[in-house]
Amino acid sequence: MEILLVEDNLGDVEMTKRALRTASTPCRVEVASNGRQALDCLHKAGRYEGAVTPQLILLDINMPLMDGKAFLDHVKVSNDFKAIPVVMFTSSESARDVRDCYERHANGYVVKPFDGQAYAAAVRGVIDFWGSLSTLPQ
């Protein structure tokens, strides 16, 4: 599975990559540290020139330059990208954030656990669902 991880916290990037190494579905991960970089990745621009179009996007909300909500606004109106599932993977438990993301057509909303083992289990749960139970667009 091709995954685009949009996350500015290097610790969370490393924990997510570590969890993906033990997921039941083999994954390849491209990382962008904000929404602008993630758009570059989708458009294969700049340093992402050779990037593969992701089958799943794991997206944080609070990031510099372009946050997760603004990224959703761009992606979910694009005919080229709106079919890619976007799962919010964020520390925000705000009911307003949850509603805002679903109104922007996020495909899921997962609050990051603070415990390392629970964090890894949450990542693997997302991958198990999208990689095994559901059928992704090609």
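The model shown is predicted, which means the values in this text are computed figures rather than measured ones.
Among residue pairs with one or both ends in residues 47-59, none qualify as salt bridge (charged side-chain N to carboxylate O under 4.0 Å, His left out); sequence neighbours excluded. Note on residues 114-138: no pairs pass salt bridge (charged side-chain N to carboxylate O under 4.0 Å, His left out), not counting sequence neighbours. Residues in residues 76-106 take part in these ring-ring contact (aromatic ring centres under 6.0 Å, His included) pairs, two or more places apart or across chains: His43-Phe81, Phe89-Tyr119.
With hydrophobic clusters built from ILVMFWY side chains whose heavy atoms lie under 4.5 angstrom apart, Leu56 does not share a cluster with Leu59. Cluster annotation: Val52 is not connected to Val86 through the hydrophobic network of ILVMFWY side chains, with a link wherever side-chain heavy atoms come within less than 4.5 Å. Linking Ile, Leu, Val, Met, Phe, Trp and Tyr whenever their side-chain heavy atoms come within less than 4.5 Å leaves Met1 and Leu42 in two separate clusters. At a threshold of 4.5 Å between side-chain heavy atoms, the hydrophobic network of Ile, Leu, Val, Met, Phe, Trp and Tyr places Phe114 and Val111 in two separate groups. Under a hydrophobic-cluster definition in which Ile, Leu, Val, Met, Phe, Trp and Tyr are linked whenever side-chain heavy atoms come within less than 4.5 Å, directly or via other members, Leu133 and Tyr109 are assigned to different clusters.
Residues satisfying the side-chain hydrogen bond (donor to acceptor under 3.5 Å, both in side chains) test with Arg18, not counting sequence neighbours, are none. Under the side chain to side chain contact (heavy atoms under 4.5 Å, CB included) criterion, Asp40 pairs with Ala45, Tyr48, sequence neighbours left out. Applying the side-chain hydrogen bond (donor to acceptor under 3.5 Å, both in side chains) test to Glu103 and every residue at least two apart in sequence or in another chain returns Arg99. Under the rule for a side chain to side chain contact (heavy atoms under 4.5 Å, CB included), Ser91 has no partner lying at least two apart in sequence or in another chain. The salt bridge (charged side-chain N to carboxylate O under 4.0 Å, His left out) check on Asp12 picks up Lys112, with sequence neighbours excluded. For Val13, the side chain to side chain contact (heavy atoms under 4.5 Å, CB included) test picks out Leu5, Glu7, Lys17, Val31, with sequence neighbours left out. Scanning for side-chain hydrogen bond (donor to acceptor under 3.5 Å, both in side chains) contacts around Arg36 gives an empty result, with sequence neighbours left out. For Thr53, the side-chain hydrogen bond (donor to acceptor under 3.5 Å, both in side chains) criterion is met by Lys44, not counting sequence neighbours.
Residues Met63 and Ser33 share a closest heavy-atom pair of SD-O, 3.9 Å. The heavy-atom pair separating Val6 from Gly35 by the smallest distance is CG1-N, 4.2 Å. Taking all atoms of both residues into account, the shortest heavy-atom contact from Ala32 to Ala38 is CB-N, 3.5 Å.
Checked by atom type and distance alone, the side chain of Glu2 never pairs as donor or acceptor with a backbone atom of Gln55 at under 3.5 Å.
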Report the C-alpha distance between Asp60 and Asn9 in whole Å, list the side-chain angles of each, state the deciding distance to 0.1 Å, and finish with yes or no for side-chain contact (heavy atoms from CB on, under 4.5 Å).
CA-CA 9 Å; Asp60 191 19; Asn9 181 304; 5.8 Å; no

List the atom pairs, with distances to 0.1 Å, where a side-chain N or O of residues 69-77 and a protein N or O form a donor-acceptor pair under 3.5 Å, not counting sequence neighbours.
unit_1, atom_1, unit_2, atom_2, d
Lys69, NZ, Asp97, OD1, 2.6
Lys69, NZ, Asp100, OD2, 2.8
Asp73, OD1, Arg104, NE, 2.9
Asp73, OD2, Arg104, NE, 3.4
Lys76, NZ, Lys82, O, 3.0
Lys76, NZ, Ile84, O, 2.9
Lys76, NZ, Asn107, OD1, 3.0

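Once rounded to the nearest 0.5 Å, the distance linking CE of Met66 with CG of Asn34 reads 8.0 Å. The distance from atom CG of Leu20 to atom OG1 of Thr22, rounded to the nearest 0.5 Å, is 8.0 Å.
Partner Val87 forms a side-chain contact (heavy atoms from CB on, under 4.5 Å) with one of Ile57, Ile3, Val110 and no other, that one being Val110.
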